[in-house]
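Letters go in sequence order (proteins before strands), and every chain restarts at 1.
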Amino acid sequence: KQEVTQIPAALSVPEGENLVLNCSFTDSAIYNLQWFRQDPGKGLTSLLLIQSSQREQTSGRLNASLDKSSGRSTLYIAASQPGDSATYLCAVRPREYSSASKIIFGSGTRLSIRP
Amino acid sequence: NAGVTQTPKFRILKIGQSMTLQCTQDMNHNYMYWYRQDPGMGLKLIYYSVGAGITDKGEVPNGYNVSRSTTEDFPLRLELAAPSQTSVYFCASSYRSGIDDNEQFFGPGTRLTVL
């Protein structure tokens, strides 16, 4: 059974630092991996989607990498800003669910950027 | 486009009451999903639909029912509310063509408390 883990559960860094958020999954048989941002009391916003054939995706100050063989993904945030404070979740779509877009979520990393 | 909309935003139910959580999307997405998120946890899939008239169970379907009579609407029904159903409920949608997956778009959530 696919499991997705995000460590640490919470992270606090000063503004301006570059940082990396980690996501690991137990089964390398995935279709894709997605990173989301969740603000308190709000829904999820999709940040980046990496297909299984890709190694990374970039959007602005965000870069997500995928290493299926090791079951790991990282989300790199450059030059962090207080507005980046949120909970970041990763989710994988396992290949076992071949007929639908079921995805398995990690429990998230709560990021706080100190001014 | 309004994207994915959910009503109500908040609701308190007594044990044994029933209610319907509404979800509508205006992006002509074929796939729709219902998730629940418990405090400090990731999201778990309750039900999903691959198109009008087609629904299937997710990871945690017990105590819930869904229907999909139109492309736009995907209501979630709780028949006999229990305290274990206290959670935040998110509706999402995506467009999928064949095996290719696109990002999921989420609604703002419904915070449900069962007392």
Side-chain angles (χ1 to χ4, degrees), chain A residues 1-10 21 23-25 29-54 57 59 62 64 66 86-110, chain B residues 2-7 9-10 21 23 25 27 29-51 54-61 66 68 87-111:
Chain A
K1 180 183 174 184
Q2 177 74 266
E3 293 183 1
V4 180
T5 303
Q6 292 183 250
I7 296 173
L21 304 180
C23 173
S24 61
F25 46 96
I30 64 171
Y31 281 115
N32 57 50
L33 182 144
Q34 198 165 355
W35 281 94
F36 294 87
R37 169 186 172 135
Q38 184 175 27
D39 293 288
K42 300 288 180 64
L44 278 69
T45 301
S46 177
L47 298 173
L48 291 163
L49 173 69
I50 311 176
Q51 303 291 354
S52 63
S53 58
Q54 298 174 323
Q57 283 283 346
S59 175
L62 305 179
L66 175 63
T87 296
Y88 290 80
L89 297 117
C90 74
V92 300
R93 182 174 162 223
R95 280 191 181 271
E96 64 179 293
Y97 296 123
S98 60
S99 62
S101 295
K102 297 183 184 182
I103 60 176
I104 309 296
F105 281 83
S107 55
T109 294
R110 189 171 64 255
Chain B
V4 180
T5 57
Q6 293 182 238
T7 57
K9 285 186 168 51
F10 305 93
L21 282 66
C23 175
Q25 54 91 10
M27 297 173 282
H29 286 168
N30 48 355
Y31 280 66
M32 295 188 74
Y33 318 80
W34 274 106
Y35 295 91
R36 61 176 287 172
Q37 184 179 33
D38 298 324
M41 307 292 288
L43 280 69
K44 293 189 176 180
L45 183 66
I46 306 172
Y47 270 95
Y48 68 97
S49 169
V50 304
I54 307 170
T55 63
D56 204 350
K57 296 177 181 178
E59 193 180 356
V60 288
V66 293
R68 182 99 181 268
S87 189
V88 181
Y89 291 83
F90 290 101
C91 179
S93 71
S94 68
Y95 181 76
R96 185 173 168 204
S97 175
I99 206 165
D100 292 333
D101 217 0
N102 291 299
E103 61 182 304
Q104 293 195 7
F105 291 83
F106 282 76
T110 294
R111 187 174 298 273

**OP:** Tell me, please, which residues at least two apart from B:Pro61 pass side-chain contact (heavy atoms from CB on, under 4.5 Å).
**Re:** B:Tyr47, B:Lys57

**OP:** Go through the atoms of A:Leu44 and report whether side chain, backbone, both or neither lie under 4.5 Å from a heavy atom of chain B.
**Re:** both

Original post:
Between A:Gln38 and chain B, which part of the residue has a heavy atom less than 4.5 Å away: side chain, backbone, both or neither?
Top reply: side chain

Subject >> Parallel, tilted or perpendicular: rings of B:Phe105 and B:His29 (30°, 60°) >> reply: tilted

Original post:
Which residues pass the side-chain hydrogen bond (donor to acceptor under 3.5 Å, both in side chains) test with A:Asp39, sequence neighbours left out?
Top reply: A:Arg37

**OP:** Measure distances from B:Gln37 to the heavy atoms of chain A and classify the residue's part below 4.5 Å as side chain, backbone, both or neither.
**Re:** side chain

Subject >> Validation row: B:Thr55, B:Trp34 side chains within 4.5 angstrom (heavy atoms) >> reply: no

